[in-house]
Amino acid sequence: MRLVLVGPPGAGKGTQAEFIAEHFRIPKISTGDIFRANVSGGTELGRAAKKYMDAGDLVPDEVTNAMVRDRLAEADAVDGFLLDGFPRNVAQAAVLDGILDAIGSTLSVVLDLDVDHDEVVRRLSGRRTCKNCGHVWHLEFDPPSTENVCDKCGGELYHRDDDHPETVRHRLEVYAEQTAPLVEFYAERAQLVVINALGTVEDVTERAIDTLTPFAG
Ligand code: AMP
């Protein structure tokens with residue numbers, strides 16, 4: 001299955017991506033995670049991306065597209081993948097089409113996680129991310145058993161700079177301007193399925209898996 005996950009920041013894409021990828025045994029490719037790992041590692045890519053990420057803006061397409069092109073060329077992505085956070089605009093979608101065309105392939109489906117604006121703000125403000133493994137916890141909905149420590153790997157949790165209220169508002173504007181048209185684009189191509197992303201993590205995962213199963217090869 002070649003799957004793209006879309007939805008506003010805070011829709012639960014990262015969390016659901018983990019479970020969906022595990023269920024369908026496909027690699028999860030999260031551009032946000034790759035950028036954050038590069039920022040932590042102090043790489044050239046990280047330095048190129050950091051100022052855009054901190055501001056809640058999109059990293060320029062040429063940087064992002066090259067990174068995704070390289071990642072999709074790795075062996076584990078040959079038979080399928082879940083893309084979380086890419087494409088983020090129509091131009092990136094065209095690049096993805098080109099990458100897949102070149103290997104005689106197409107997307108199986110695009111899953112849109114639908115959630116309203118107020119809920120998104122509530123979710124992002126309580127979110128805490130593991131510095132080590134990237135797992136996302138939530139102070140209210142899914143707290144770790146020890147404050148600021150990841151139950152999965154013992155790593156330290158932090159509040160992403162771009163999860164602070166001002167930046168969250170800006171990320172939502174960027175989503176409305178650049179990513180919402182992408183959702184329309186996939187809907188017009190009849191590649192989009194939408195699920196309600198409200199409810200417990202388990203409920204949403206079940207909904208996602210039920211909706212996606214007919215598209216699994
Ligand atoms: P995310 O974890 O998906 O919310 O991504 C965090 C940040 O990484 C975004 O706010 C952007 O600055 C950057 N980013 C992630 N994916 C992309 C993309 N496809 N295009 C441009 N920037 C991206």
Side-chain angles (χ1 to χ4, degrees), residues 2-18 20-21 28-41 43-72 77 81-100 107 110-113 115 117 119-121 123-138 157-183 185-186 197:
R2 295 186 173 84
L3 165 66
V4 165
L5 220 54
V6 293
K13 285 195 302 297
T15 305
Q16 293 303 332
E18 279 185 43
I20 296 169
K28 171 185 102 128
I29 300 176
S30 160
T31 44
D33 285 352
I34 302 174
F35 280 134
R36 279 185 289 281
N38 277 277
V39 170
S40 308
T43 68
E44 198 180 319
L45 177 64
R47 280 192 294 278
K50 187 175 187 321
K51 68 170 187 254
Y52 299 99
M53 296 174 73
D54 286 349
D57 284 320
L58 295 187
V59 176
D61 283 352
E62 59 272 23
V63 175
T64 308
N65 291 337
M67 177 179 92
V68 171
R69 194 181 288 281
D70 287 351
R71 180 62 187 88
L72 288 179
F81 52 75
L82 182 164
L83 276 171
D84 158 30
F86 183 93
R88 273 293 224 278
N89 59 32
V90 175
Q92 292 181 2
V95 167
L96 178 59
D97 279 347
I99 295 173
L100 293 176
L107 279 182
V110 178
L111 178 69
D112 180 21
L113 300 182
V115 56
H117 185 275
E119 176 68 12
V120 155
V121 173
R123 287 185 184 186
L124 291 177
S125 53
R127 187 154 95 160
R128 295 294 181 273
T129 304
C130 176
K131 269 188 183 164
N132 181 45
C133 74
H135 187 82
V136 178
W137 301 90
H138 194 283
L157 306 185
Y158 74 114
H159 194 192
R160 279 170 49 176
D161 285 343
D162 61 350
D163 278 349
H164 290 95
E166 268 310 303
T167 317
V168 165
R169 260 192 291 279
H170 184 61
R171 286 165 67 203
L172 289 169
E173 286 164 13
V174 170
Y175 184 82
E177 279 164 23
Q178 306 209 36
T179 311
L182 170 74
V183 176
F185 167 89
Y186 283 129

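One-based numbering, in listed order, for ligands and for the atoms of each.
- Of all atoms in ligand 1, numbered sequentially from 1 with element shown, those under 4.0 Å from a heavy atom of Arg160 are 1 (P), 2 (O), 4 (O), 6 (C).
- Nearest heavy atoms, Leu113 versus Ala197: CB-CB, 3.8 Å.
- When only interatomic distances are considered, the shortest N/O to N/O separation between Asp33 and ligand 1 does not fall below 3.5 Å.
- What sits closest to atom 19 (N) of ligand 1 on the protein, heavy atoms only, is Gly85 O, 2.8 Å.
- With hydrogens left out, the protein atom closest to atom 11 (C) of ligand 1 is Asp57 O, 3.5 Å, a heavy atom.
- When atom types are taken as modelled, the side chain of Thr167 and the backbone of Asp163 share no donor-acceptor pair closer than 3.5 angstrom.
- Among the atoms of Val59, some N or O lies under 3.5 angstrom from an N or O of ligand 1.
- Arg36 has a carboxylate O that lies under 4.0 Å from a charged side-chain N of Asp33, or vice versa, which qualifies the two as a salt bridge.
- Side chains of His170 and Asp57: a donor on one and an acceptor on the other come within 3.5 Å.
- Using a 4.5 Å heavy-atom cutoff, the side chains of Ile34 and Val68 are not in contact.
- The nearest heavy-atom contact from the protein to atom 16 (N) of ligand 1 is Thr31 OG1, 2.7 Å.
- For ligand 1, none of its N or O atoms has an N or O atom of Leu58 under 3.5 Å away.
- Of all the heavy atoms in Ala91 and Asp61, the pair that sits closest is CB-OD2, 3.7 Å.
- Across Asn89 and Leu182, no two heavy atoms sit closer than the pair O-CD1, 3.5 Å.
- Residue Thr64 touches ligand 1 through its side chain alone, judged by heavy-atom distances below 4.0 Å.
- Protein heavy atom closest to atom 23 (C) of ligand 1, with residue, atom name and distance, is Phe35 CE1, 3.7 Å.
- Nearest to atom 20 (N) of ligand 1 among the protein's heavy atoms is Gln92 NE2, 2.9 Å.
- Near Phe86, meaning under 4.0 Å from one of its heavy atoms, ligand 1 places the atoms 19 (N).
- In terms of protein heavy-atom proximity, atom 1 (P) of ligand 1 is closest to Arg88 NH2, 3.5 Å.
- Annotation: side chain of Val115 is in contact with side chain of Arg123 (closest heavy-atom distance under 4.5 Å).
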Point to revise | side chain to side chain contact (heavy atoms under 4.5 Å, CB included) between Leu96 and Val4, worked out | key: CA-CA 10 Å; Leu96 178 59; Val4 165; 3.9 Å; yes

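- Contacts with ligand 1 closer than 4.0 Å are made by no heavy atom of Asn89, backbone or side chain.
- Within ligand 1, the atoms closer than 4.0 Å to a non-hydrogen atom of Arg171 are 4 (O), numbered from 1 in the order shown.
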